[in-house]
Amino acid sequence: MHTLKELTRQMDVDAEKTLAREMIDREEKAYALIAHLPSVKAIFSEKTSSSHKTRAVFVDRIIKAVDSCSALRHELSEDAQVCVDEATALLEEAEGLRWQLALSARHLVRLEAARLSNSMLGRDDLKQHGYVGLLNGAKRFDPDKDIRFVSYARWWVRAEMTRAIEHEGRMVRLPGGAVEQLRRLSQAQRSLEQEYVDPTIENLSLETGLSVRRIRFLRSRGESVSMDAVEDDGLSLYERIPDTSAPPEMAEHLYTQRMIRRLVAALPHTLSERDHYVLLKHYGLSGDTETTMTALGEELKISRERVRQLRSRALRKMRQAIMR
């Protein structure tokens with residue numbers, strides 16, 4: 001048995017080819033054990049868009065055949081049941097070998113996730129899709145061809161991640177290939193900026209090989225913005241959208257009420273307790289009716305002129321705080 005460290009380390013060329021051949025050998029032996037069963041013949045005679053000679057389709061069908069035979073186990077003879085058990089064990093071994101081969105290139109998942117992650121689909125989510133891509137690559141890998149598994153798997157990892165971004169990483173799905181073109185466009189812009197070259201559309205077109213028209217289209221499909229995103233003035237995009245069904249005076253009233261609530265929330269952090277109280281009571285900011293300066297003076301046991309001075313000082317402090 002292999003240790004976890006051995007399972008996940010990057011392999012050399014001979015090791016990964018040997019591993020792939022062992023995996024294929026077990027899959028073919030599993031098929032040979034149950035190929036004579038009627039349900040297996042029916043599965044392998046099904047028509048699909050791909051040829052059953054394709055490695056990935058062959059693996060999917062042998063897995064489906066073994067599962068089908070296991071479900072109908074009670075209808076099989078004892079000899080057939082033994083064949084199904086042996087085929088199941090071989091497929092489990094093949095699955096373990098496939099994971100071992102896939103994890104040998106796990107560093108690809110980290111690299112591609114770092115390159116392709118965005119605000120709507122983070123690295124951890126992309127990594128999950130990347131591991132699916134590694135397994136797809138391991139299922140299709142041909143050890144007899146002159147190519148490293150890590151090179152072969154890169155396309156499958158990137159394909160799974162870009163497909164995930166197209167379906168899950170954008171509020172509006174982009175046309176096929178646009179995600180990859182956006183990535184190239186972003187890389188080209190960073191490259192030009194590092195060389196102190198103005199990343200104009202014309203320069204980006206020369207750098208990426210994309211037409212000016214295509215670049216304009218891609219730039220018009222920028223990242224989505226949350227309706228709850230707050231701007232520098234404290235208002236969200238949602239709050240900026242006018243309600244055309246409401247009368248103008250209602251909109252003005254609501255805006256005034258909103259600003260009053262924000263003002264009241266800011267008062268304790270800007271004013272002393274007494275200045276805070278004077279503004280709240282005099283302007284009715286706490287929801288009560290407005291209080292005259294004479295009434296406030298009687299309540300606080302100070303003159304009306306002193307109340308006016310406190311009010312003026314409080315307003316001056318608020319203006320200074322706002323202007324900062």
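Side chains included, hydrogens not; waters and symmetry mates left out as well; all remaining heavy atoms used. Remember, it's a predicted structure, so these values are computed and weren't measured experimentally. Residues take their numbers from the sequence shown, with the count starting at 1.
Salt-bridge formation is not detected for the pair Glu299/Lys281: no Lys NZ or Arg NE/NH1/NH2 atom is positioned less than 4.0 Å from an Asp or Glu carboxylate oxygen.
In this structure, Val82 shares a hydrophobic cluster with no other residue, the cluster being traced through Ile, Leu, Val, Met, Phe, Trp and Tyr side chains under 4.5 angstrom apart. The other members of the hydrophobic cluster of Leu300, by chain and number, are Tyr277, Val278, Met293, Leu296, Ile302, Val307, Leu310 (side-chain heavy atoms under 4.5 Å, ILVMFWY only). Counting side-chain heavy-atom gaps under 4.5 Å among Ile, Leu, Val, Met, Phe, Trp and Tyr, Leu111 is found in no cluster with other residues.
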Please list, one pair per line, the donor and acceptor atoms closer than 3.5 Å that link side chains of residues 29-40 to other protein atoms, with sequence neighbours excluded.
| residue | atom | partner | partner atom | Å |
| --- | --- | --- | --- | --- |
| Lys29 | NZ | Asp25 | OD2 | 3.2 |
| His36 | ND1 | Leu33 | O | 3.4 |

Can you give the donor-acceptor pairs under 3.5 Å from side chains of residues 132-140 to other protein atoms, not counting sequence neighbours?
| residue | atom | partner | partner atom | Å |
| --- | --- | --- | --- | --- |
| Asn136 | ND2 | Val132 | O | 3.4 |
| Asn136 | ND2 | Glu160 | OE2 | 3.1 |
| Lys139 | NZ | Asp60 | OD1 | 2.8 |
| Arg140 | NH1 | Asn136 | O | 3.2 |

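Ala188 approaches Glu207 most closely through the heavy-atom pair CB-CG, 3.5 Å. The heavy-atom pair separating Leu76 from Cys69 by the smallest distance is CD1-O, 3.8 Å. Smallest separation of non-hydrogen atoms from Val84 and Ser70: CG1-OG, 3.8 Å. Residues Pro199 and Leu204 share a closest heavy-atom pair of O-CD1, 3.7 Å. Counting all heavy atoms, side chain and backbone alike, Ala42 lies closest to Ser45 at O-OG, 2.8 Å.
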Audit row: Ile24, Arg55, side-chain contact (heavy atoms from CB on, under 4.5 Å) steps and yes/no: CA-CA 9 Å; Ile24 293 172; Arg55 280 253 1 118; 3.8 Å; yes
Ile147/Asp142 under side-chain contact (heavy atoms from CB on, under 4.5 Å): CA gap, chis, key distance, verdict: CA-CA 9 Å; Ile147 185 173; Asp142 186 348; over 6 Å; no
Intermediate values then yes/no, side-chain contact (heavy atoms from CB on, under 4.5 Å), Cys83 and Asp79: CA-CA 6 Å; Cys83 290; Asp79 290 342; 5.6 Å; no
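Partners of Ser68 under the side chain to side chain donor-acceptor pair (under 3.5 Å) rule, at least two apart in sequence or in another chain, do not exist in this structure. The side chain to side chain donor-acceptor pair (under 3.5 Å) test applied to Arg26 returns Glu93, not counting sequence neighbours. Partners of Arg306 according to the side chain to side chain donor-acceptor pair (under 3.5 Å) rule, which considers only residues two or more places apart in sequence or in another chain, are Gln309. A search for side chain to side chain donor-acceptor pair (under 3.5 Å) contacts involving Asp198 returns nothing, not counting sequence neighbours. Under the salt bridge (Lys or Arg N to Asp or Glu O under 4.0 Å) criterion, Lys64 pairs with Glu46, sequence neighbours left out. Residues satisfying the ring pair (Phe, Tyr, Trp, His ring centres under 6.0 Å) test with Phe141, not counting sequence neighbours, are Phe149, Tyr152.
Lys17 places no side-chain N or O within 3.5 Å of a backbone atom of Arg148 that could act as its donor or acceptor partner. At least one donor-acceptor pair under 3.5 Å links the side chain of Thr18 to the backbone N or O of Asp14.
Both Leu101 and Trp155 belong to a single network of hydrophobic side chains, linked directly or stepwise wherever heavy atoms of I, L, V, M, F, W or Y lie under 4.5 Å apart.
Atom CD of Glu22 sits about 8.5 Å away from atom CD of Gln100, to the nearest 0.5 Å. The CD atom of Gln189 sits 11.0 Å away from atom OG1 of Thr208, with the distance rounded to the nearest 0.5 Å.
Within 6.0 Å of CD in Glu305 there are more than 12 heavy atoms belonging to other residues, nucleotides or ligands.
Asn203 and Thr200 share a donor-acceptor pair across their side chains, judged by distance under 3.5 Å alone.
Sorted by first and then second residue, the salt bridge (charged side-chain N to carboxylate O under 4.0 Å, His left out) pairs with a member in residues 69-78 read Arg73-Asp85; sequence neighbours excluded.
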